[in-house]
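Only this structure's heavy atoms are used, side chains among them; waters, hydrogens and symmetry mates stay out. Chain letters run A, B, ... following the sequence lines, proteins first, then strands; residues in each count from 1.
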Protein chains: 2
Amino acid sequence: METGGTDNRRLYELLWGTPSGPRRGPRPTLTLDAIARSGIAIADADGLDGLTMQRVAESLDVTKMALYRYVPGKAELVALMLETAMGEPPPPRTGADWRGQLDDWARQLFDRFRRHPWANAATVGPRLPGPNELAWLERVVAALTGTGLTGGEQLDVAVLLVGHARNLAQHATATAETPRQPREAGFATLLRGREERFPALDAALRSAAAEAAGDQALDFGLARILDGIEALIAARAATR
Amino acid sequence: METGGTDNRRLYELLWGTPSGPRRGPRPTLTLDAIARSGIAIADADGLDGLTMQRVAESLDVTKMALYRYVPGKAELVALMLETAMGEPPPPRTGADWRGQLDDWARQLFDRFRRHPWANAATVGPRLPGPNELAWLERVVAALTGTGLTGGEQLDVAVLLVGHARNLAQHATATAETPRQPREAGFATLLRGREERFPALDAALRSAAAEAAGDQALDFGLARILDGIEALIAARAATR
DNA sequence: TCTAAACTGTGTCCGTCAGATACAGAGTAC
DNA sequence: GTACTCTGTATCTGACGGACACAGTTTAGA
């Protein structure tokens, strides 16, 4: 999307820069945080399509161009919004083992993505991670320290979990936006009259409709992933 | 992105409609397939940002507005491109059990996403699946038929695997676009001087750098996921 | 064979948006 | 108090998606 000519130096300064001391000119009327919050509110309501420099400026009672004194461009604004919307990761649940912590962590991340549907689109493509994003990552790796997994594997686990949380949040918002209740309904109408072309899918949908177990894709995938990790950790412990 | 005012009826006709018989007016100079291919070539080279109705039209030697005789709008063009770029799923490997088939399937899907980096951005948000997309799904469910998983669980597996393939393809293209080789390099420079703030992450990165095991996130996650599924199938078989 | 209808590609126009630039006022350091 | 610097503003541009009316082309039906 707006992954194009992002000046990484200015973006780095924006995400990681420290608030500088007293300046010379007139006091700024805005804050980076206020701008980010305003943008988040708009994107939450109308998506990234509805996010316009003009609208953000209006909601802050300034001109559109005033925003460019704070933010290099729209792409950087979105990055800042993402960083703000994610926020700091919740503190790890005390007394929980690695599995409990990771389970918790993934659900919390899922929740953040759920609350800000635009965040999914904002995280496609290469991007510079902000402090909060690294802090989220730190939690995963910290939870896995001492499990016998290598550093690379710990990072792979993080990638895997982030992906699942993001993916499921997307599915959840997708089904929430359509009037029909479950995701299967859309598929079912699409399959009508084409059952012989997609026989296994048709059978699965009928079976799923009969079960009426609701949307458990998050739980299901998370359980499978954590089971797989647990098996690996157990195997490592056994060979040591 | 362009998930906005997509007319679902016209999109359905575009993706699922059959080529109609002889028409009245002059013969069309273009084909849906040619348009899609042209768009794919442009998006492969310059991403979705570089994809312009104007550019597609130029590459086909027609006016921009001529495209609107074939495609309702840009959003629908992207959907069509996605359907064309994914193509039909490869035939299932004969003689492979469900695990082999799913492993194969996920890697093939990963490969398609790798070849068309814009496909990641094109698959965010709710969308109407096309015939090819359903055919890919059908393969997963077919591979899992008879394993004892319920229909809903089979679909959940599909969601999980699609998510992993997409997620890893994104990571792969992200690291491919940056000049530095591994994804860890960017993190490492970012962590420089902040080691005490992200201690576990720092340790993991150092460990990963020492291992020098390259990028195995796809294999790692896939193995974990399939291990988890295998455990579930085994448990189901045991209780039956 | 002729005519009317339908479909195609084109030219022109509009609204929206991101961003560049030049400028006037505000506040601070010397 | 003066010069410098930073802020917000006003104005403008270029790119893009898409609407609309029109002219040319091909076929269906008389």
Whole-Å distance between [N] [atom2] and [X] [atom1]?
{"X": "Glu76(A)", "N": "dA18(C)", "atom1": "CD", "atom2": "P", "value": "13 Å"}
{"X": "Ile35(A)", "N": "dG8(D)", "atom1": "CD1", "atom2": "P", "value": "9 Å"}
{"X": "Gln54(B)", "N": "dG14(D)", "atom1": "CD", "atom2": "C1'", "value": "13 Å"}
{"X": "Asp49(B)", "N": "dA15(D)", "atom1": "CG", "atom2": "P", "value": "15 Å"}
{"X": "Lys64(B)", "N": "dC14(C)", "atom1": "NZ", "atom2": "C1'", "value": "11 Å"}
{"X": "Arg55(B)", "N": "dG18(D)", "atom1": "CZ", "atom2": "P", "value": "17 Å"}
{"X": "Leu48(B)", "N": "dG17(D)", "atom1": "CG", "atom2": "C1'", "value": "15 Å"}
{"X": "Arg69(B)", "N": "dG11(C)", "atom1": "CZ", "atom2": "C1'", "value": "13 Å"}

Can [X] and [Y] be counted as an ion pair, charged N to O under 4.0 angstrom?
{"X": "Lys64(A)", "Y": "Glu58(A)", "value": "no"}
{"X": "Arg197(B)", "Y": "Asp202(B)", "value": "no"}
{"X": "Arg107(A)", "Y": "Asp219(A)", "value": "yes"}

Passing option when Leu51(A) is tested against Ile40(A), Val78(A), Asp44(A), Asp46(A) for side-chain contact (heavy atoms from CB on, under 4.5 Å): Val78(A)
Looking at [X], I'd like to know whether one of its side-chain N or O atoms comes within less than 4.0 Å of OP1 or OP2 on [N].
{"X": "Thr29(A)", "N": "dG8(D)", "answer": "yes"}
{"X": "Tyr68(A)", "N": "dT9(D)", "answer": "no"}
{"X": "Arg27(A)", "N": "dT28(C)", "answer": "yes"}
{"X": "Thr63(B)", "N": "dG9(C)", "answer": "no"}
{"X": "Tyr70(A)", "N": "dG8(D)", "answer": "yes"}

Any N/O donor-acceptor pair, Arg24(A) side-chain to dA29(C) base, under 3.5 Å: no
Any N/O donor-acceptor pair, Lys74(B) side-chain to dG18(D) base, under 3.5 Å: no
First of Pro26(B) and Leu67(B) reached from the 5' end of DNA chain C, by closest nucleotide: Pro26(B)
Closest-nucleotide ordering on DNA chain C, the 5'-leading residue of Met65(B) and Gly25(B): Gly25(B)
N/O donor-acceptor pair under 3.5 Å between Arg112(A) side chain and Met86(A) backbone: yes
Sugar-phosphate only, base, or nothing, as touched by Leu77(A) at under 4.0 Å among non-hydrogen atoms: nothing
